[in-house]
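Remember, it's a predicted structure, so these values are computed and weren't measured experimentally. Keep in mind that the numbers below use all heavy atoms, side chains included, and drop hydrogens, waters and symmetry copies. Letters A, B, ... are given to chains in the order of the sequence lines, protein chains preceding strands, and every chain is numbered from 1.
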Amino acid sequence: MRLRFAPSPTGYLHIGNARTALFNYLLARKHRGKFILRIEDTDVLRSKKEFEKGIIEDLHWLGIDWDEGPEKGGDFGPYRQSERLKIYDAFAKRLLKENKAYHCYCTKEELEQRNKELLARGESPRYDNRCRNISDSQKERYLKEGRKPVIRFKIPERIIEINDLIRGRVSFDTGLMGDFIIIKSDGTPAFNFAVVVDDILMEITTVIRGEDHLSNTPRHIMLFEALKAKIPEFAHMAMTLGPDGSRLSKRHGATSVREHRKIGILPEALFNYLALLGWGTKESQELFTKEELVKEFSLERCKEGAAIFDSAKLTWMNGLYIRKKEPEELVELILPYLKEKNLMHLRGEPVGVRFIKPETTGVINVAPTIDKNYLTKIIVLERERIKKLSEVPDLIEYFLTEEIKFNVKALEILKKPGVKEILTSLRQELTKLIPFSQENLEKIIRDWTKRNNLKTKDVFHPLRVAITGRTIGPGLFELMEVLGKERVIKRLKFIVNSS
RNA sequence: GGCCCUAUCGUCUAGGGGUUUAGGACGGGUGGUUCUCAGCCAUCAAGCAGGGGUUCGAAUCCCCUUGGGGCUACCA
């Protein structure tokens, strides 16, 4: 079994394409077949090397690997269509010779004009095959005019039936189609031709692709037949839609794998989530490891209807995977985000984290160095609140800056009558405390609260706000222990002394 | 316009003629745990697009309508 994923490097890896790649990958691995990456870069204008690189990186990041491909090599290469131009040319010549294709001299403008007229008359816009039997003199005249011909495939009129692995029998009447272009006037192959030639030569046995290619499949089948090649099996998977049910596009937010990676979605989460889009098990299982998916996946269980990409569910799943990670690993994953927000400063090995003032620009105001140990402790406290890695800097900022910011709600709480007195008294109590441990803190603060006939709520909350600047966060005592005596006292002092 | 695909809670889905008062998950509501948030636990609301058939019986099979998507490009 040989499967392939054939992206066009005209942009970064789209979520929908990533899902196509994933399904191909899963099936290939399940059946211990070969998975091939082929770059369809015949659109010279839009294709960019940078995107090819990006797609390869993103696939790897997602956890998808392949057996043959442009960087990897293989016995069926080259795997970049731009490097196979001679091959397409030879196949086109063969069709020409066998009278299964012909040169067409119509210009883009002429075609456009004719289609417009057809449409105006209420007829179907399509090529009228007029160059099929063009005379030699006419041909010469066109050539003299400087027209560059395209090569069109001569469509045999008949009914073509596809036995799609996902949607069953689908039939098309080729009599309704016009002869289509296989070689463009610049000599490069049209998509419909290049795919077929490549799938033949790369001995692809199963083609899994998006439903947008279903209507192209009869054209492909005609070409396979004309070239006397074995026709592969086809499976057309339903499209991935945006929240409003239209095609997933930029206006729906993050649509590329890269963007998701950037906002801190874990590859395992995206992998798992994507698999669930248009596929599911009898048990409606939600969480799968890669190995489980390879084992469980099947085309028979793919849904025919399109699926809407739900980022809320992805986010939920991401939180789940984050909570499953070891704190040490999470710290490593978070480092780039902290760096980006200027919340840490990397220096040599091992990586050290230093305090800096949040609004520092230019010269970094060096503060006490803290290490990954400290970060790990922080992450342990905050882990269950993390949904995306990009949220972490904001979540843990008050652990990493000397001066903390107070939000509006926090300020309101600090302004309440009696709060300052409570904090003043509490500060004295805490100054004496050794060791500054969670257990110790809880005991002494609870005792103090009881002794003063106060409700825990009226003590704990202001205390939290005073030392973190915010009303939400991890458990108060564990938070205080991690923050450390020095910082806690300093922050309390700041509040108490301010008017 | 023509052709093709498609349709179960807001979303992802289970269901493939009777076992279904249509199950699970996300999201939402409520309650509990708790200084807060998150998490966890409990709980609630929410759906077979509409209309015809077939059948003793239909979410499940067929047809039509409607909605959505795709192809109809010298894009892929």
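Residue A:Arg209 is out of contact with every strand shown, counting any heavy-atom pair closer than 4.0 Å. At the heavy-atom level, A:Thr42 lies under 4.0 Å from the strands shown only through sugar-phosphate atoms. Contacts of A:Thr456 with the nucleic acid, taken as non-hydrogen atoms under 4.0 Å apart, involve only primed sugar atoms and P, OP1 or OP2. Residue contacts shown for A:Gly473 include a base, since a base heavy atom lies under 4.0 Å away. Residue A:Ser171 is classed as a sugar-phosphate contact, given heavy-atom separations below 4.0 Å to backbone atoms only. Among the protein residues, A:Gly475 comes within range of the nucleic acid bases, having at least one heavy atom under 4.0 Å from a base atom. Counting any heavy atom pair closer than 4.0 Å across all strands shown, A:Pro462 reaches no nucleic acid atom. In this structure, A:Arg219 reaches the sugar-phosphate backbone alone: every heavy-atom distance under 4.0 Å involves primed, P, OP1 or OP2 atoms, never a base. No contact: A:His236 has no heavy atom under 4.0 Å from any strand. If you check every strand for non-hydrogen atoms under 4.0 Å, A:Cys104 touches nothing. Heavy atoms of A:Leu277 sit under 4.0 angstrom from primed sugar atoms or phosphate atoms, though from no base atom. Among the protein residues, A:Arg323 comes within range of the sugar-phosphate backbone only, with heavy atoms under 4.0 Å from sugar or phosphate atoms but none that close to a base. The residue A:Val170 sits close only to the backbone: its heavy atoms come under 4.0 Å of sugar-phosphate atoms, none of a base. Contact annotation for A:Ser8: backbone-only contact, meaning every heavy-atom pair under 4.0 Å involves sugar-phosphate atoms and none involves a base.
Side-chain atoms of A:Arg464 and base atoms of B:C35 include a donor and an acceptor less than 3.5 Å apart. Scanning atom types as modelled, no donor and acceptor separated by under 3.5 angstrom connect the side chain of A:Asp212 and the base of B:A76. You'll find a donor-acceptor pair under 3.5 Å spanning the side chain of A:Glu286 and the base of B:G24, going by distance alone.
Listed candidates were B:A38, B:A76, B:C71. Nearest to the side chain of A:His213 is B:A76. Here the nucleotide nearest the side chain of A:Glu304, chosen from B:A25, B:U6, B:G2, is B:U6. Checking B:C12, B:A38, B:A14 against the side-chain heavy atoms of A:Lys303 singles out B:A14 as nearest. The side chain of A:Arg167 approaches B:U6 more closely than any other nucleotide in the set B:G68, B:C35, B:U6. Minimum atom distance to the side chain of A:Lys108 is reached by B:C74, of the listed B:G24, B:C35, B:C74. In the set B:A76, B:U13, B:U6, B:A76 carries the atom at the smallest distance from any side-chain atom of A:Phe191. Minimum atom distance to the side chain of A:Asp310 is reached by B:C26, of the listed B:A76, B:C71, B:C26. Here B:C5 is the nucleotide among B:C5, B:C71, B:C12 with the atom lying nearest to any side-chain atom of A:Leu214. Comparing B:C71, B:U36, B:C12 against the side chain of A:Ala307 picks out B:C12 as the nearest. Each of B:C75, B:G27, B:G1 was ranked by its minimum atom distance to the side chain of A:Trp316; first place goes to B:G27.
Nucleotide B:U60 is matched to nothing when pairs are restricted to Watson-Crick or G-U wobble geometry with both distances under 3.5 angstrom. For B:U43, the paired nucleotide is B:G29, the pair qualifying as Watson-Crick or G-U wobble because both relevant distances are below 3.5 Å. Pairing for B:C74 is absent, with no Watson-Crick or G-U wobble pair whose two atom distances lie under 3.5 Å.
Remark: the separation of the C1' atoms in B:C26 and B:G47 is 15 Å, to the nearest Å. Comparing B:C64 with B:G70, their P atoms are spaced 23 Å from each other, to the whole Å. Straight-line distance between the P atoms of B:U60 and B:U54: roughly 15 Å, to the nearest whole Å. Rounded to a whole angstrom, the distance from the C1' atom of B:G51 to that of B:A46 is 25 Å. Taking atom C1' on both nucleotides, B:A59 is separated from B:A14 by 12 Å, rounded to a whole Å. Nucleotides B:C48 and B:U6, compared at atom C1', are 16 Å apart to the nearest Å. Distance noted for atom C1' between B:G16 and B:A22: 14 Å (whole Å). Atom C1' of B:U8 sits at a distance of 14 Å from the matching atom of B:A58, rounded to the whole Å.
One atom, CD1 of A:Ile160, and another, P of B:C4, lie 14 Å apart when rounded to the nearest Å. Put simply, CG on A:Asp164 is 10 Å from P on B:C5, counting in whole angstrom units. Atom CZ of A:Arg114 and atom C1' of B:C74 are 14 Å apart (whole Å). Between the P atom of B:G39 and the CD atom of A:Glu478 lies a distance of 16 Å, rounded to the nearest Å. The nearest whole Å value for the distance from the CG atom in A:Leu476 to the C1' atom in B:U36 is 9 Å. Atom pair A:Ile379:CD1 and B:A38:P shows a separation of 19 Å (rounding to whole Å applied). Straight-line distance from the CG atom of A:Asn163 to the C1' atom of B:C5: 15 Å, rounded to whole Å.
Residue-to-nucleotide proximity on RNA chain B shows that, of A:Leu314 and A:Ile308, the 5′-proximal contact is made by A:Ile308. Projected onto RNA chain B by closest heavy-atom contact, A:Ser124 and A:Ala190 fall at different nucleotides, the more 5' of which corresponds to A:Ser124.
OP1 and OP2 of B:G24 both lie 4.0 Å or more from every side-chain N or O belonging to A:Lys282. Between A:Arg152 and B:A73 there is no side-chain N or O to OP1 or OP2 distance below 4.0 Å. A close approach under 4.0 Å does occur between a side-chain nitrogen or oxygen of A:Arg446 and OP1 or OP2 of B:C35. Note on A:Lys387: a side-chain N or O is less than 4.0 Å away from OP1 or OP2 of B:G39. Remark: A:Arg247 is in phosphate contact with B:G70, judged by side-chain N or O atoms under 4.0 Å from OP1 or OP2.
Here the two rings, on A:Trp279 and A:Phe297, have centers that are under 6.0 Å apart. Ring to ring, A:His220 and A:Phe193 are not that close: their centroids are 6.0 angstrom or more apart. Two rings, from A:Phe51 and A:Tyr12, have their centers less than 6.0 Å apart.
Taking the six-membered ring for Trp and thresholds of 30 and 60 degrees, A:His236 and A:Phe234 have nearly parallel ring planes, at less than 30 degrees apart. Classified by interplanar angle (parallel below 30°, tilted 30° to 60°, perpendicular above 60°), the ring pair A:Phe153/A:Phe180 is tilted.
Nearest heavy-atom pair, A:Leu95 versus A:Ala226, reported as atom, atom and distance to 0.1 Å: CD2-CB, 3.9 Å. In plain terms, the two heavy atoms of A:Leu476 and A:Phe460 that are nearest each other are CD2-O, 3.6 Å. For the pair A:Gln81 and A:Leu85, the tightest heavy-atom approach, listed with the atom from each and the gap, is O-CD1, 3.5 Å.
A salt bridge between A:Asp179 and A:Arg219 is absent, with no side-chain N of the basic residue lying under 4.0 Å from a carboxylate O of the acidic one.
By the 6.0 Å contact criterion, NZ on A:Lys100 is enclosed, its count of non-hydrogen atoms from other residues, nucleotides or ligands being greater than 12.
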